[in-house]
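Reviewing the structure listed below.
Read the numbers this way: they start at 1 and go in the same order the structure lists the ligands and their atoms. As the structure is a prediction and not an experimental result, all values here were calculated from the model.
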Amino acid sequence: MSGLEGYNAIVTGGGRGIGAAAGIALARAGAKVSLAARNETQVVEIAAEMRKEGLEAFAFRCDVTDPHQVRDLALSASEAMGRIDILINNAGTATSNPLSRITLAEWQHIMDVNVTGTFLCSQAVFEQMKERRWGRIVNVASIAGIEGDKYISAYTAAKHAVVGFTRAMAEEAKGTGVTFNAVCPGYVDTPLTDETIARIMHQTGRSWQESLSALLERAGQPRLIRAHEVADAVVELCMEAAGHTNGELVVLDGTDTP
Ligand code: NDP
């Protein structure tokens, strides 16, 4: 894919899973990409692999829940790349617990990373995008941002908030040249889903395969979605031609597979 030559992107949570795939896909489409995560080692490794491929990539340490670190990320990435045209709010985390077992710290952490991180990073780049009258902000929400399921109330509330933020910001951005959209995948083959499967194994004594099958059956998914499929949807939303797509949710649920 091409079409993003001359554009610069930040991808939060770019060290593994969907974020790493999105960073690579954006760079292969021509963008310069800055990957950010709390663990610098992973983003440094992915950026180095990308540069070996001839892609332009930078790595930064940033906890998206910390306003100072987010401000520093926006400044450092702007210095490295020139300016920020594209933001992928991908950093996220999930737990599963019945309501009675969710601690306040757990609830707040889920909200901080998924929701506050999305707010802070968007706020850090929106004004400069508006000034140049061009920008793409894609939020990685989830099917949990549209539907509910038991034992993931904190995550579901957080992703519903991300969807609500996307819709409200799409209205606020109308006519500015900046768009806000979200992708809403079901379960994706990433380390985060590995953790979920490991939890099911631990709680039920089932094998990996049995736990995965139970997870997919409950979600009504015929298969796990691949990270590169989510990445491709993200790239589509960043293209020049997607300028009229604003406030949309792109659902990826794997139901293309019978
Ligand atoms: P992973 O756990 O595989 O990767 C998460 C990434 O986010 C890592 O790079 C991690 O790096 C980073 N991250 C976590 N917390 C923070 C933080 N506070 N600040 C900055 N970076 C952070 O997750 P996935 O790739 O599976 O998920 C990515 C996004 O997709 C999330 O928003 C998730 O909710 C969403 N999603 C995932 C689905 C799935 O089935 N996997 C389904 C639907 C949506 P580090 O720990 O070093 O900070």
Checklist line | Nearest protein heavy atom with distance in Å, relative to atom 12 (C) of ligand 1 | finding: G13 CA, 3.5 Å
Next item on the list: Run the numbers for me: atoms of ligand 1, each under 4.0 Å from some heavy atom of A141, listed by number.
Entry: 35 (C), 36 (N), 43 (C), 44 (C)
Check: Any nitrogen or oxygen of T190, main chain or side chain, under 3.5 Å from a nitrogen or oxygen of ligand 1?
Finding: yes
Next item on the list: Could you tell me if any non-hydrogen atom of D63 lies under 4.0 Å from any atom of ligand 1?
Entry: yes
Check: Is a side-chain donor or acceptor of H160 paired with a backbone partner of T156 at a separation under 3.5 angstrom?
Finding: yes
Margin query: Out of all atoms in ligand 1, which are within 4.0 Å of some heavy atom of A91? Include the element for each.
Written below: 7 (O), 20 (C), 21 (N), 22 (C), 32 (O)
Notebook entry, point to check: Going by an N to O cut-off under 4.0 Å, is there a salt bridge joining E53 and R28?
Noted result: yes
Note to self: Under 3.5 Å between any N/O of G19 and any N/O of ligand 1: does that happen in this structure?
What the structure shows: no
Item checked: Those atoms of ligand 1 less than 4.0 Å from some heavy atom in P191 -> 3 (O)
Checklist line | Residue pairs involving residues 114-125 (criterion side chain to side chain donor-acceptor pair (under 3.5 Å); sequence neighbours excluded) | finding: N89-S122, N114-K159
Note to self: Taking side chain to side chain contact (heavy atoms under 4.5 Å, CB included) as the criterion, tell me which of V234, T245, L237 meets it with V250.
What the structure shows: L237
Check: If you measure from each non-hydrogen atom of E195 to ligand 1, which part falls under 4.0 Å: side chain, backbone, both or neither?
Finding: neither
Margin query: Has N139 got a side-chain atom pairing as donor or acceptor with A141's backbone, closer than 3.5 angstrom?
Written below: no
Notebook entry, point to check: Closest non-hydrogen protein atom to atom 43 (C) of ligand 1, residue and atom name please, with distance?
Noted result: P185 O, 3.2 Å
Next item on the list: Report yes if Y155 has an N/O atom closer than 3.5 Å to an N/O atom of ligand 1; otherwise report no.
Entry: yes
Next item on the list: May I ask you to identify the nearest protein heavy atom to atom 4 (O) of ligand 1, giving residue, atom name and distance to one decimal place in Å?
Entry: R16 NE, 3.4 Å
Check: Quick one: which ligand 1 atoms are inside 4.0 Å of a heavy atom on N90?
Finding: 28 (C), 29 (C), 30 (O), 31 (C), 32 (O)
Margin query: Tell me whether R223 is salt-bridged to E229, with the criterion being a basic N under 4.0 Å from an acidic carboxylate O.
Written below: yes
Note to self: For A94, state whether at least one heavy atom is located under 4.0 Å from any atom of ligand 1.
What the structure shows: no
Checklist line | R199 and H202: CA distance, side-chain angles, deciding distance, side-chain hydrogen bond (donor to acceptor under 3.5 Å, both in side chains) verdict | finding: CA-CA 5 Å; R199 263 198 308 271; H202 179 70; over 6 Å; no
Note to self: Between K32 and D85, does any NZ, NE, NH1 or NH2 come within less than 4.0 Å of an OD or OE carboxylate oxygen?
What the structure shows: no
Check: A36 to ligand 1: N or O pair under 3.5 Å?
Finding: no
Notebook entry, point to check: Can you list the atoms of ligand 1 that are under 4.0 Å from a heavy atom of Y187?
Noted result: 40 (O)
Check: Where does the angle between the aromatic ring planes of F126 and F180 fall among parallel (under 30°), tilted (30 to 60°) and perpendicular (over 60°)?
Finding: perpendicular
Next item on the list: Spell out, as yes or no, whether a donor-acceptor pair under 3.5 Å connects the side chain of N90 to the backbone of V140.
Entry: no
Check: Where the side chain of E45 meets the backbone of V43, is there a donor-acceptor pair that is under 3.5 Å apart?
Finding: no
Item checked: R132 side chain vs Q128 backbone, donor-acceptor pair below 3.5 Å -> yes
Notebook entry, point to check: Between T65 and ligand 1, is there a nitrogen or oxygen pair with a distance under 3.5 Å?
Noted result: no
Margin query: Give me the nearest non-hydrogen protein atom to atom 19 (N) of ligand 1 as residue plus atom name, then the distance to 0.1 Å.
Written below: V64 N, 3.0 Å
Next item on the list: Examine V188 against ligand 1 and note whether any of their N/O atoms are separated by less than 3.5 Å.
Entry: yes
Notebook entry, point to check: Which residue holds the protein heavy atom closest to atom 16 (C) of ligand 1, what is that atom called, and what is the gap in Å?
Noted result: R38 NE, 3.5 Å
Notebook entry, point to check: In terms of atom number and element, which parts of ligand 1 are under 4.0 angstrom from non-hydrogen atoms of V140?
Noted result: 29 (C), 30 (O), 32 (O), 35 (C)
Checklist line | Residue selection (non-hydrogen contact nearest atom 25 (O) of ligand 1) among I143, I18, V230, I46 | finding: I18
Next item on the list: Work out whether the distance between some heavy atom of A20 and some atom of ligand 1 is less than 4.0 Å.
Entry: no
Margin query: Measuring from non-hydrogen atoms of C62 to any atom of ligand 1, is the shortest distance under 4.0 Å?
Written below: yes
Notebook entry, point to check: Can you tell me the protein heavy atom closest to atom 23 (O) of ligand 1 and the distance?
Noted result: L192 CB, 3.5 Å
Margin query: Let me confirm one number: the CZ-CD distance from F60 to Q69, rounded to the nearest 0.5 Å.
Written below: 13.5 Å
Item checked: Under 4.0 Å to a heavy atom of G186 - the qualifying atoms of ligand 1, by number -> 40 (O), 42 (C), 43 (C)
Note to self: Under a 4.0 angstrom heavy-atom cut-off, which atoms of ligand 1 come close to G15?
What the structure shows: 9 (O)
Margin query: Can you tell whether the side chains of K174 and E171 come within less than 4.0 Å, N to carboxylate O?
Written below: yes
Check: Looking at ligand 1, does any of its N/O atoms fall within less than 3.5 Å of an N/O of N39?
Finding: yes
Margin query: Can a donor-acceptor pair be found, under 3.5 Å and without considering hydrogens, that links the side chain of N181 to the backbone of G247?
Written below: yes
Item checked: side chain to side chain donor-acceptor pair (under 3.5 Å): pairs with one or both residues in residues 54-63, sequence neighbours excluded -> D63-T65
